[in-house]
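Chain naming here is simple, since letters A, B, ... match the order of the sequence lines and numbering starts at 1 in each.
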Protein chains: 2
Amino acid sequence: MVLHMSSLFLRTLREDPADAEVPSHRLLVRAGYIRRVSPGVYTWLPLGLRVLRNVERIVREEMDAIGAQELLFPALLPREPFDASGRWAEYGDNIFRLQDRKGADHLLGPTHEEMFTLTVKDLYSSYKDLPLSIYQIQTKYRDEARPRAGLLRGREFVMKDSYSFDIDEAGLDKSYQAHRDAYVRIFDRLGFHYVIVEAMAGAMGGSKSEEFLATAEVGEDTYVHCTNCGYAANVEAVRVPAPEPVGWDGVPAAHAEDTPDTPTIETLVNHLNAHHPRPDRPWSAGDTLKNVVVMLVHPDGTREPLAIGVPGDREVDEKRLGAQVEPATVEAFDEKDFARHPGLVKGYIGPGALGLEGTTGIRFLLDPRIAPGTRWVTGANEPGKHVLDLVAGRDFEGDGAIEAAEVRFGDPCPNCDHVLEGARGIEMGHVFQLGKKYAEALDLRVLDQNGKLTTVVMGSYGVGVSRAVACVVEGNYDDSGIIWPRELTPADVHIVAAGKDEPLFRAADDIARDLEAHGLTCIVDDRKGVSPGVKFKDSELIGVPTIIVVGRGLADGKVEIKDRRSGERREVALDSVVESVLAEVRGS
Amino acid sequence: MVLHMSSLFLRTLREDPADAEVPSHRLLVRAGYIRRVSPGVYTWLPLGLRVLRNVERIVREEMDAIGAQELLFPALLPREPFDASGRWAEYGDNIFRLQDRKGADHLLGPTHEEMFTLTVKDLYSSYKDLPLSIYQIQTKYRDEARPRAGLLRGREFVMKDSYSFDIDEAGLDKSYQAHRDAYVRIFDRLGFHYVIVEAMAGAMGGSKSEEFLATAEVGEDTYVHCTNCGYAANVEAVRVPAPEPVGWDGVPAAHAEDTPDTPTIETLVNHLNAHHPRPDRPWSAGDTLKNVVVMLVHPDGTREPLAIGVPGDREVDEKRLGAQVEPATVEAFDEKDFARHPGLVKGYIGPGALGLEGTTGIRFLLDPRIAPGTRWVTGANEPGKHVLDLVAGRDFEGDGAIEAAEVRFGDPCPNCDHVLEGARGIEMGHVFQLGKKYAEALDLRVLDQNGKLTTVVMGSYGVGVSRAVACVVEGNYDDSGIIWPRELTPADVHIVAAGKDEPLFRAADDIARDLEAHGLTCIVDDRKGVSPGVKFKDSELIGVPTIIVVGRGLADGKVEIKDRRSGERREVALDSVVESVLAEVRGS
């Protein structure tokens, strides 16, 4: 195929779009791949669509290779199955809802667990039908609160989602591993750097869960990894190892002390060091127990206060907390809420007021570091008073544990005790052992070998297809523009007719036709009245990996081949250019 | 590719689905191609998706061949451009509307004129950029009042829509013709019988408009055609030639007569023949003028009564009327409406009460047959009274003409006066000279050769891609099931292992692998414990054009090749089956 710039529906922009926050967004718009329609909703212009189709092809090939079968569900979905699974309520504001002319409720599918489950239930009835893996590459919708970064967080986007159906956990393990292996091949082919990290398994049913994160500063996910043992996890999923319980022999009884004007950890530590110095070392924030109260909003709209105890040197991490309390969402506990709970003394909240057995009856969950035998300074539930020598397990207990404290780069690895390093990434894939959650909710059961009905075990696997286009750019660009990997590029070769003379244009076109005959796709910049400088700039911005310049050298039977990534140029004879380019395209 | 029935995600059904009204719906569900999710919303199972992709491929190849460029717009569209074009209001209940979490209005795109227009406006600015044809193959949405017939009238469906942009009408004519030619090639390849008919050009701007109708009894469109001159038109678009005006010399003055109890045409004609016999021939319904009042509902919600005068032997055709008054819709003029207009005497309405100048002020439009000089019997606006010898042009005039009377097979051809024949069809394609409607509404102008801003001239061209899958089936089935044309079939060959012995299964698989090596896709029915009879039935239902039966003959080194369409069977040697099948597949 030959695409002529003179007629290609594409305009490059010299200026960055005003709303572009990240390189991929900036470059994909400037180079004419996508155009914004509304926040988080984009049009794929011809070259962009070609790249998107390349991603789809790679994903499809690797899914087919593991025996997964492609089908296609609608995006417009009726409410009923989502009521059965509980997600109609759980989704809250995050989905698009609508009614048809008869008043029936629908949603635009953000993910298709229910539909896959119901369709398998419709078609299959026996263990003999399993295992089964089915997938779709489909347009999905989420009503994001903050669509951002172009294709990275959209409201309409393309995903590959697949689901595995097995008769038992052993089958699920195999299906999970097959998908995980396929994902490794997919992301290797897509050509950006990624890590596989442990991920949250979700509130219900799920067990194993891993994410494929493209490493990128602009990513919304933070992960940690251990350079010693290879452990890697999304910070949401990091598990803090609970310290061994220690005895409290010899620890004095808890005692309340006046600590006037110490509503913050910093003021408290200063006060302690001034008025209650420790013999061994100064007090630090880590010696204090901070009790944070938030408001949970459950899917049915009910509001429940929740108290979280964390060491005073750590904040409660919003995303980690959110992942723990899903499907509830977290709101701040505001002045009105305090007014409704006079037992909570702001700045001086202590365990005595908390817990289902406490004076306020507010559920109280503890960071694993607040282990039995550990000793804390914390609020005394009176203004200007704190309790010292308060021992977990002796003087107070929580109603359970929660992993909501921030994870810090430098924290010990939960696996080997080495230190954790961290970085940011973009979630590109997710493999997830769903277990029986949806099969139970929607009653997907089949007859087992003994003729008994047994609930099917499911896995769920997603790849962000349109997001991958942006991710590839995040991993492949320079100051001049995009640098497409071979498998993704919208064309194999970009031929620039650099000059005004007709023979240049003819030669550029001849080369393109020759390459087309070998199955290659070429862009030919045949624009008249556009300077070679502008054409070069556009070719670099667009980012096809091989650029041929047909210019002054043509008089001597020479053209130039330029490698977009390395910038290397070499002059070749006109009659060997096709051979040279073919070697380059096929060799790389 | 080899698809094994033992693991293919497909279940055939012995029974017709309860809601299936038409053959394609019945067969596509029974053969495991699609499954219903909600009214007019379907899932494409693996074999169905393969057929859908084949249709897409054919459409894409032919669009690319005329130089149209593919891109992809979102389905979730903001309200603003549709306000600018007026269609946000015009669509009424026919589109899905929704709000995002911030309360912004959106719709699910039923068609994309506005988005294409705005994107060209965004990218292009000069006559040098034109002509341009761009297209997408995309999922669209319409909130149909009566989704029906499976894929034939859906609420979520796949369409190819393209738009051409030209500097002038001459350019539009060329672009239109190129699309029309491409459509002929597309529909020839799809393999069903179709006709090209004149279609309604719409209320605004458009000029030329033609539809590609698949001929089918189950179709919702009625068209007429002339076997003499080749004229063909959707009944909505048939234009009745106005008769030459005749003089009214010698026609007596109009005179009201008592016609008690004659509220219907039939009672009136009987009364006339009994009490006012004509000398030349008996009175007939065609001598009477019937004045029908309906209520128009405009997009802004205002209601306007409209009177239509037609010869008494013809009904007002709902679809023809609807097409004429678009974007208004038509409702019945009910008892309450009559109560509000006491000047209308039900059953005896006459021209005196009608027209902007009449006593009721209701707009009055006349069928072209009510030509100047024609003479009518019609209501006298008094109960039990009619007027005779009322002459159009002498005694009354309408406010204009309207083509709303029913078209009858047997009517004279408007082109050559031969008789029109008629049939039903399914709208599969539409080519339409939009003109400047959208370009004006959205201000799409470019600089012309003289440096002056000029409004771009547009064409719009659609193919029902998912609907085509059903249409192909409507044109290709028998009592046993579907019979796919070669270009559409989900597999090239269906191989049945007919028996229980292992060698049969091995031989079936070997043949499939050999054919796969030649680029063919095979279904292998390798199900154990399923009788040959059931396998044969399934192969006929699924409808792959070539069936190979590996059965008893295998012991003698023979297999059977069956042609699904003709039913012909022939035995061939096992070692020549691949060659035979390749010849058949490639030759046809």
Side-chain angles (χ1 to χ4, degrees), chain A residues 1 3 6-11 32 35 37-39 41-46 48-50 52 64 67 69-78 80 93-94 96-102 104 106 108 115 118-120 122-124 128-129 131-132 134 136 138-139 141 143-145 155-156 529, chain B residues 1 3 6-11 32 35 37-39 41-46 48-50 52 64 67 69-78 80 93-94 96-102 104 106 108 115 118-120 122-124 128-129 131-132 134 136 138-139 141 143-145 155-156 529:
Chain A
M1 179 172 272
L3 306 165
S6 61
S7 56
L8 188 59
F9 191 54
L10 174 148
R11 281 295 175 273
R35 275 288 183 283
V37 169
S38 74
V41 181
Y42 287 83
T43 296
W44 295 87
L45 294 176
L49 185 59
R50 295 179 67 85
L52 182 69
D64 290 348
Q69 300 180 52
E70 187 176 2
L71 37 62
L72 183 60
F73 283 94
L76 180 69
L77 301 176
E80 292 70 23
D93 282 345
N94 295 313
F96 290 104
R97 299 162 197 265
L98 65 159
Q99 291 193 322
D100 65 19
R101 62 198 296 155
K102 292 182 176 148
H106 295 264
L108 298 183
M115 305 319 295
L118 287 174
T119 305
V120 173
D122 177 15
L123 268 66
Y124 278 2
K128 291 181 196 165
D129 300 327
L132 170 72
I134 43 184
Q136 62 175 346
Q138 201 235 12
T139 303
Y141 297 86
D143 195 358
E144 293 286 349
R155 298 197 293 176
E156 174 172 328
Chain B
M1 179 171 273
L3 307 166
S6 61
S7 56
L8 188 59
F9 191 55
L10 174 148
R11 283 293 175 272
R35 276 287 183 285
V37 169
S38 74
V41 181
Y42 287 83
T43 295
W44 296 86
L45 295 176
L49 185 59
R50 294 179 67 85
L52 182 69
D64 290 346
Q69 300 180 53
E70 186 175 3
L71 37 62
L72 183 61
F73 283 94
L76 180 70
L77 301 177
E80 292 69 23
D93 281 345
N94 294 314
F96 289 104
R97 298 162 197 266
L98 65 159
Q99 290 191 326
D100 67 18
R101 63 198 295 155
K102 291 182 176 149
H106 296 264
L108 298 183
M115 306 317 297
L118 287 174
T119 306
V120 173
D122 176 14
L123 267 65
Y124 278 3
K128 291 182 197 164
D129 300 326
L132 170 71
I134 42 183
Q136 62 174 347
Q138 201 236 11
T139 302
Y141 297 86
D143 195 358
E144 293 284 350
R155 298 197 293 174
E156 174 171 327

Specify the closest pair of heavy atoms between [X] and [Y], including all atoms of both residues, with the distance to one decimal.
| X | Y | answer |
| --- | --- | --- |
| F96(B) | D100(A) | CE2-CB, 3.7 Å |
| Q69(A) | P46(B) | OE1-CG, 3.9 Å |
| Y124(A) | L8(B) | OH-O, 3.4 Å |

What part of [X] lies closer than 4.5 angstrom to a heavy atom of chain B: side chain, backbone, both or neither?
| X | answer |
| --- | --- |
| N94(A) | both |
| S6(A) | neither |
| L132(A) | side chain |
| R101(A) | both |
| L123(A) | both |
| R97(A) | backbone |
| E70(A) | both |
| L72(A) | both |
| E80(A) | neither |

Let me know if [X] has heavy atoms under 4.5 Å from chain A in its side chain, its backbone, both or neither.
| X | answer |
| --- | --- |
| L76(B) | both |
| K102(B) | side chain |
| A104(B) | neither |

task: Could you tell me which residues satisfy ring-ring contact (aromatic ring centres under 6.0 Å, His included) with Y42(A), sequence neighbours excluded, listed by chain and number?
output: H25(A)
- prompt: Do M1(B) and D64(A) touch side chain to side chain, with heavy atoms closer than 4.5 Å?
  reply: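 The answer is yes; the side chains approach within 4.5 Å.
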query: Any side-chain heavy atom of H106(A) sitting closer than 4.5 Å to one from D143(B)?
result: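 Contact flag for H106(A)/D143(B) side chains = no.
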